Amino acid sequence: MVKEQFNSRFGVIMATAAGAVGLGNIWKFPYMLGQNGGAAFLVVYIVCVLLFGLPLMITEFVMGKRSGQSVRGAYQVLAGNTHWNGIPILTCLSVMLIIGVYLVITGWCVKYLLLSVFPSLPMLNGWTDILCNTIAVFISVMVVWMGVNKGIERLSKIFMPILLLIVIILAVRVAFLPGAKEGLTFLFAFDASKLSFDVVLSALGQCFYSLSIGMGALITFGSYIPKKQNVVSLVGNVIAVDTLVAVLAACAIIPAVFAYGSSPEQGPKLVFSVLPVVFQQMPGGQVMAVLFFALLCIAAITSIVSLLEVLTASLVDISAQKKHPLTRHRAILYTGGVCLLISIFCALSLTDSGNWLVWGGKTLFDHIDRLTSCYMLPLVALSTVIFFGWFVDKNVMKEEMQPHYGSRLWTIRVYYFLIRWCFPILIFLIALHSIGII
Ligand code: PFF
């Protein structure tokens, strides 16, 4: 069967950006900024994106593009042996668990969207959360079902511009609120005293999360890129869109929080418990709430789509070697089903009827979140850089760069220095930081 490819350069950028732009940008980035000193965090974040995000995204894209395979096949093709099969397995396992946790938060976004459109809807108990999870899975599965071109690429080309428009409208509206200036100062007035090792490691972790590094999405989407495309410029565009949305989301949220007398240091609940109150007080608040939660839903669902595609493509590849290969549609149903199941257990663990899913004082949701973000994702990212830096033929990267950058190959030397030495140490430090050891 001929593998589908993205049709256009714009399509590649929109599809990859739609996968990268998610709750990490709109839910997580603003509260991390609020907790880590505003502009100081923003500056460090942008440096991290350029210095570390860019080369790592290029690496994953090149792995997909050169091998033309899903995560499952890419390591095998590039290494020329099966010794590295553990990394794709670990990637797919982490992705399944990450989607499970992510779906719970996406379910809340769907619920808040419905509530802001129909304020009198009765939506009180944990079961409505599960219903909203299911709606999110259903929509995501439908998009993947429609295929790489007709589903993922086409819908990303429609929804990414809409998402950008909504976030711009929100940021501009909020900028005109009385009292918003204080929030904008917090965001953009750099105060060096706020810088710390902690801020740097948080920014690095956020950079990896926001750009979906180590989740296999870039390898999978890389395998759909037409051969003549320049990977560096594609990645540059994706990074620009991802960072722009994160900064605009912060501009929409932080000044609003300041204008209504709340503190930006509220952590994860900033978007779900502080903002609805802020919207209630704001003139035209209901429209703002609808736009904001629609923004969150679009961002979250398109990100889930990208990770479901990782699982689906890998499952199809694995089964292709079996006696009865799976069709793509069947593979989507299996992966969607398993992720939905994980998310139902995670959502249940947060309700009163889910006491049996709580141990060590923490819910299943917390355990999975910690397991994936502190251990599994860093391990995948670490193994990938070691794999590509030390075990893949250097000509793979050289041949990819040569047609676009000719003999200016000193950049390759810098790249290999980063990927062989700096990145493994950095990823290790991020992991220690998220576990709480440093
Ligand atoms: N880059 C995505 C984000 O910022 O939200 C990361 C992501 C996490 C994508 C979990 C998809 C997902 F299910």
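One-based numbering, in listed order, for ligands and for the atoms of each. Only a predicted model underlies this, so the values are computations on that prediction, with no experimental measurement involved. By convention here, the first residue in the shown sequence is residue 1.
Considering backbone and side-chain atoms alike, Leu23 places an N or O below 3.5 Å from some N or O of ligand 1. Below 3.5 Å of separation, one finds no N or O of Ser303 facing any N or O of ligand 1. Taking distance alone, with nitrogen or oxygen atoms compared against 3.5 Å, Ile99 stays at or beyond that limit from ligand 1. Inclusion of Ile304 in the set of residues having an N or O under 3.5 Å from an N or O of ligand 1 is not warranted.
Between the side chains of Ser314 and Asp317, no donor N or O sits under 3.5 Å from an acceptor N or O. For Tyr102 and Ser343, the side-chain atoms include no donor-acceptor pair closer than 3.5 Å.
Salt bridge annotation for Glu309-Arg328: present, with a cationic side-chain nitrogen under 4.0 angstrom from a carboxylate oxygen.
Listed by number with element, the atoms of ligand 1 under 4.0 Å from a non-hydrogen atom of Gly24 are 3 (C), 4 (O), 5 (O). Atoms of ligand 1 found under 4.0 Å from any heavy atom of Ser210 (numbered from 1 in listed order, with element): 1 (N), 4 (O).
Checking Ser94, Ala20, Ser306 against atom 1 (N) of ligand 1, the nearest heavy atom belongs to Ala20. Around atom 10 (C) of ligand 1, the closest heavy atom drawn from Phe208, Tyr102, Trp27 belongs to Tyr102.
If you check which protein heavy atom lies closest to atom 12 (C) of ligand 1, you get Leu307 CD1, 3.3 Å. Ranking the protein heavy atoms by distance from atom 6 (C) of ligand 1 puts Tyr209 O, 3.4 Å first.
Using a 4.5 Å heavy-atom threshold, the side chains of Phe272 and Cys109 count as touching.
The residue from Phe388, Phe391, Trp84, Phe387 that alone fulfils the ring pair (Phe, Tyr, Trp, His ring centres under 6.0 Å) condition with Tyr75 is Phe387.
Look at Met215 and you'll find a heavy atom under 4.0 Å from some atom of ligand 1.
Judged by the 6.0 Å distance and 45° axis criteria, Lys28 is positioned over the aromatic ring of Tyr209.
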